[in-house]
There are 2 protein chains.
Amino acid sequence: MPDTRRITSADVARHAGVSRATVSYVLNATPGQSISPATRDRVLRAAAGLGYAPSAAARTLRTGRSDVVLCLLPDWPIGNEVGDLLGNLSTALAREGLTFVVHPGSRADRPIAEIWKAITPAAVLSFTDFSDAETEAMRAAGVALVVALLGRAGRHGRELEVPQQLVGRRQAEHLLATGHTRLGYAYPDDPRLQIFAEPRLAGVRAVVDRQPATPVGEGGAPEPAVVVRDGGAPGPEPLVEVVPLDVAPAAAAVERWRAAGVTGVCAYNDEVALAVLAGARALAMTGLAVIGVDDIPAARLAVPPLTTVTTDQRTLAAHLATTVVAAVSGRPAPILHTADLIRVVVRDSA
Amino acid sequence: MPDTRRITSADVARHAGVSRATVSYVLNATPGQSISPATRDRVLRAAAGLGYAPSAAARTLRTGRSDVVLCLLPDWPIGNEVGDLLGNLSTALAREGLTFVVHPGSRADRPIAEIWKAITPAAVLSFTDFSDAETEAMRAAGVALVVALLGRAGRHGRELEVPQQLVGRRQAEHLLATGHTRLGYAYPDDPRLQIFAEPRLAGVRAVVDRQPATPVGEGGAPEPAVVVRDGGAPGPEPLVEVVPLDVAPAAAAVERWRAAGVTGVCAYNDEVALAVLAGARALAMTGLAVIGVDDIPAARLAVPPLTTVTTDQRTLAAHLATTVVAAVSGRPAPILHTADLIRVVVRDSA
DNA sequence: CTGTTAGCGCATTCAA
DNA sequence: TTGAATGCGCTAACAG
C-alpha cells in the first residue's frame with residue numbers, strides 16, 4: 001500500500017518551485033499581495049495536481065477560528081419544520097464556504113463552553129439566550145457572531161422573533177377575515193415551548209388589538225422602535241387556554257371556549273390544533289374554526305383537514321445565512337423582507 | 001479591559017514551576033509516565049486556578065484527530081424520533097468525552113469530503129452508505145470509525161438494521177395475535193425512505209413466513225449466526241401498497257386491500273398509517289386494523305386513536321455510543337440486547 | 001523514578 | 001517573493 005501521508009502546502013510549494021508563503025498567498029487570494037500570473041498558475045496547477053487540501057486544524061490553530069458555524073439545539077423536541085430550516089441553512093452557508101453543524105442535546109449534559117471549545121466555530125447560533133458571561137467568553141475566544149434566535153433579553157439576535165410574530169398575525173387575520181371575532185389561543189402544554197409560543201401569541205394579540213406588537217424588520221438597527229398603539233378599536237383579548245396533547249383535557253379547553261363564545265382558535269402548532277379538533281369531536285361540537293402552524297403531514301389527513309400556516313423556510317434560512325456571513329466577514333447585517341414569508345394553507349378546519 | 005490572551009499549557013507550566021511536557025503528562029494521565037503526587041498536584045492546581053482549557057485545534061493538529069463525532073444526515077425529512085435518537089446519542093457520547101455534532105443537508109450541496117475535512121472527526125456516522133473510495137479516504141485521513149447505520153452493502157456498520165427489522169416484526173406479530181391472517185404493508189411514497197422501509201418490511205415478511213429474516217445481534221462478533229428456517233407453515237405474502245400522504249390515493253390502496261381480503265395493515269410509520277386511516281374513512285370502511293410506527297403526538301389524537309410501535313431510543317443511543325467509543329479506543333464492539341427495545345402501544349386502530 | 005529538552009504537525013503572516 | 005516566527009500541544013529521547 002502506497003504511503004498515505006497528508007499532502008501539505010510544503011508539497012505544493014516544492015512542486016511549484018516556490019515558497020510556502022507564496023502558496024498560501026495564492027490559494028487564499030490574499031489581498032495586498034501581488035503574485036505574477038505565471039507563478040500563480042504554477043501554484044494552482046500543482047495544488048490541483050496533488051489534490052491538496054489544507055489542514056483545517058492547522059488553519060484554525062493559526063487564525064483562531066474555523067470555518068464552522070455551530071448551532072446549539074434546545075433540549076425540547078424539534079419538529080420537522082426546524083429540521084427543514086436547519087437543512088436550508090446548511091445549504092445556504094455551504095454556498096458561502098461555511099460548514100454548518102448542529103449540536104443536539106441539552107445544555108444540562110455539558111456546559112456549553114465545552115462544546116464550542118471543541119469546535120472553535122466562526123459563529124454560534126442558539127434558539128435560547130446565552131448568559132452575558134457565556135457570550136463574553138465566546139467573543140473573547142474569537143467567535144465572530146453569537147446569536148440567540150429567540151429569547152427575551154438578547155441584545156444581539158432574536159432573528160426569529162419577527163417571523164414568529166408574523167405566524168400569529170396571519171392566523172388571527174385569517175380567522176378575522178372569515179368572520180370570527182371572538183378568538184381563542186391554544187397554548188402548548190410543554191413550558192419549554194414558551195419561547196416560541198410567546199411571540200406567536202403576541203402576533204395574535206397584535207391583530208386583535210389592531211396594534212403592531214413589535215416593528216417588522218430589525219436588521220442591525222440599534223434600537224427596535226417602541227410599540228405604538230395606532231388608535232384602532234381594540235377587540236376582545238384572545239382567550240388563552242393551555243391544551244395538552246390529549247383528548248380529555250383538550251375537550252375541557254374547548255368547553256371553556258364555547259362557554260366564552262369563542263368561535264375561532266389559533267393553535268400554537270398543528271399538533272395542538274389536532275388536539276383541539278379531537279377535543280371538539282369528543283364534545284360532538286361542530287363549527288369551531290381551528291388554525292394550526294407548520295402544515296405537518298398529519299394536518300391534511302385530519303378530520304376535518306386542518307387549515308394551517310407555513311413559513312418559507314428557504315427564504316428564512318437564506319436570510320439567516322446572509323446574516324451569519326455578514327457578521328463573520330464584518331459586513332453589516334441584511335434586513336429581512338417578510339412579505340411572502342408566511343402563507344395560510346386553507347383547508348376545512350377554518 | 002484586561003488582556004484576554006488564551007491560557008496555554010505554557011502558562012500552566014510556568015505557574016506550576018515545571019516544563020510543558022510535565023503539564024501534558026499530568027493532564028493527560030499519560031500511561032508509562034510516573035510523576036510525583038506533589039508535582040502532579042501543583043500542576044492540577046495551577047491548571048484549575050488559571051482556568052486552563054487545552055486548544056482543541058492544536059490538539060487536533062498534533063494528534064490528527066479531534067474529539068468530535070460527526071453524523072451526516074440524509075436529505076430527506078427527519079422526524080422527531082430520529083431527532084430523539086440524536087439527542088440521546090449526544091448525551092451518551094458526552095459522557096465519554098466526545099462531542100457529537102450533526103450535519104444536516106444533502107450530500108448534493110457539497111462533497112462529503114469537505115465536511116469531514118472541516119471537522120477532522122474521530123468518527124463519522126451516516127444513515128446511508130458511503131462509497132468505498134469515501135470510506136478509504138476517511139480512514140486514510142485518520143477517522144477511527146466510519147459507520148453506515150443502514151444500507152445494503154456496508155461491510156461495517158448497519159447498526160440500525162436489526163432494530164428496524166424488529167419494528168416490522170412487532171407490528172406483524174401484534175396483528176397476527178389479534179386474529180388477522182391476511183396482512184398488507186403500507187409502503188412510503190418517498191423513495192428516499194426506502195432505506196428504512198426495506199428492513200421494516202423484511203421484518204413483517206419474516207413473521208408472516210415464520211422465518212427470521214436476518215440474525216439478530218451482530219456486534220463485533222466474527223460470524224453472525226446463520227438464518228434457520230424453523231419449518232413453520234409460511235403464511236401468504238403481505239400485500240404491499242405504496243401509500244402517499246393524501247386521502248384519495250390512500251383510499252385507492254385501501255380499496256385494493258379490501259378486494260384482496262386484507263384485514264390488517266402494517267404501515268411504514270404513523271404518518272402513512274394516518275393516511276391509511278383517512279383512506280378507509282373516505283371509503284366509509286370500518287374494521288381495517290392499522291398499526292403505525294413512532295407514536296407521534298398526532299397518533300393518539302387520530303380517529304380512531306392509532307395503535308403503534310415505539311423504539312426505546314435511549315437504549316439504542318447508548319448502544320450506538322458504546323460502539324463508537326469502543327472503535328475510537330480500539331476496543332471490541334458491544335452487542336445489542338434487543339429484548340425490550342421495541343414496544344407496541346395498543347390503542348383503538350388495531 | 002522524575003522530569004526535561006527538542007522537535008513535530010501545518011498554515012498564516014510580518015518583515016525584509 | 002521569501003525566510004522565519006507564530007499558534008499550541010504531544011511525545012520520543014534523554015539526563016539527573
Side-chain angles (χ1 to χ4, degrees), chain A residues 3-44 46-47 50-67 117-120 122 140-142, chain B residues 3-44 46-47 50-67 117-120 122 140-142:
Chain A
D3 168 35
T4 316
R5 239 191 59 266
R6 253 198 93 87
I7 292 169
T8 75
S9 71
D11 298 322
V12 177
R14 198 174 320 115
H15 271 252
V18 298
S19 72
R20 284 162 57 229
T22 306
V23 172
S24 178
Y25 290 140
V26 170
L27 264 32
N28 295 337
T30 308
Q33 291 289 335
S34 38
I35 276 88
S36 77
T39 358
R40 185 189 154 66
D41 205 60
R42 281 218 311 293
V43 171
L44 257 20
L50 294 172
Y52 168 68
S55 151
R59 198 197 205 96
T60 302
L61 174 57
R62 184 62 240 237
T63 64
R65 162 184 315 177
S66 72
D67 285 340
K117 279 181 182 163
I119 308 275
T120 325
Chain B
D3 169 36
T4 315
R5 238 190 59 268
R6 253 197 93 86
I7 293 169
T8 77
S9 72
D11 297 321
V12 178
R14 197 173 321 116
H15 271 253
V18 298
S19 72
R20 286 163 58 226
T22 304
V23 173
S24 178
Y25 289 139
V26 170
L27 263 32
N28 297 341
T30 309
Q33 290 290 335
S34 36
I35 274 85
S36 74
T39 329
R40 187 189 154 64
D41 205 59
R42 279 220 309 295
V43 172
L44 259 19
L50 295 172
Y52 168 69
S55 150
R59 199 198 205 96
T60 301
L61 175 59
R62 182 63 237 231
T63 64
R65 166 182 313 176
S66 72
D67 284 340
K117 279 181 183 164
I119 307 276
T120 323

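Scope of the values below: all heavy atoms of this structure, side chains included, with no hydrogens, waters or symmetry mates. Note on naming: letters A, B, ... go to the chains in the order of the sequence lines (proteins, then strands), and numbering restarts at 1 for each one.
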Within the structure shown, what part of the strands sits under 4.0 Å from B:Val18 by heavy-atom distance: base, sugar-phosphate, or nothing?
sugar-phosphate
Show the nearest heavy-atom pair for residues B:Val23 and B:Val43, with the distance to one decimal.
CA-CG1, 4.1 Å
Identify the heavy atoms of B:Tyr52 and B:Thr8 that sit nearest to each other, and give their distance.
CE1-C, 3.5 Å
Determine: side-chain N/O of A:Thr22 to OP1/OP2 of D:dT1, distance under 4.0 Å, yes or no.
no
Suppose the criterion is salt bridge (Lys or Arg N to Asp or Glu O under 4.0 Å): which pairs have a residue in residues 14-33 of chain A, not counting sequence neighbours?
A:Asp11-A:Arg14
With a 4.5 Å cut-off on side-chain heavy atoms, are B:Leu27 and B:Leu44 touching?
yes
Can you find a pair of side-chain heavy atoms, one from A:Thr30 and one from A:Gln33, that are under 4.5 Å apart?
yes
Considering the terminal five base pairs at each end of the helix from C:dC1-D:dG16 to C:dA16-D:dT1, what angle separates the two local helix axes, rounded to 10°?
50°
Calculate the interatomic distance between A:Arg14 atom CZ and D:dT1 atom C1'; express it in whole Å.
18 Å
Figure out the CZ/C1' separation between B:Arg65 and D:dT11, and round it to whole Å.
16 Å
Please report, to 0.1 Å, the donor-acceptor pairs under 3.5 Å made by any side chain of residues 35-42 of chain B, with sequence neighbours excluded.
unit_1, atom_1, unit_2, atom_2, d
B:Ser36, OG, B:Thr39, N, 3.2
B:Ser36, OG, B:Thr39, OG1, 2.4
B:Asp41, OD2, B:Arg45, NH2, 2.4
B:Arg42, NE, B:Ala16, O, 3.0
B:Arg42, NH2, B:Ala16, O, 3.2

In short, side-chain hydrogen bond (donor to acceptor under 3.5 Å, both in side chains) pairs touching residues 55-67 of chain A with sequence neighbours left out are A:Asn28-A:Arg59
Selection: residues 27-44 of chain A, any non-hydrogen atom under 4.0 Å of DNA chain C
A:Asn28
Protein-nucleotides 7-10 of chain C N/O pairs closer than 3.5 Å?
unit_1, atom_1, unit_2, atom_2, d
C:dG7, N2, B:Arg62, NH1, 2.9
C:dC8, O2, B:Arg62, NH1, 2.7

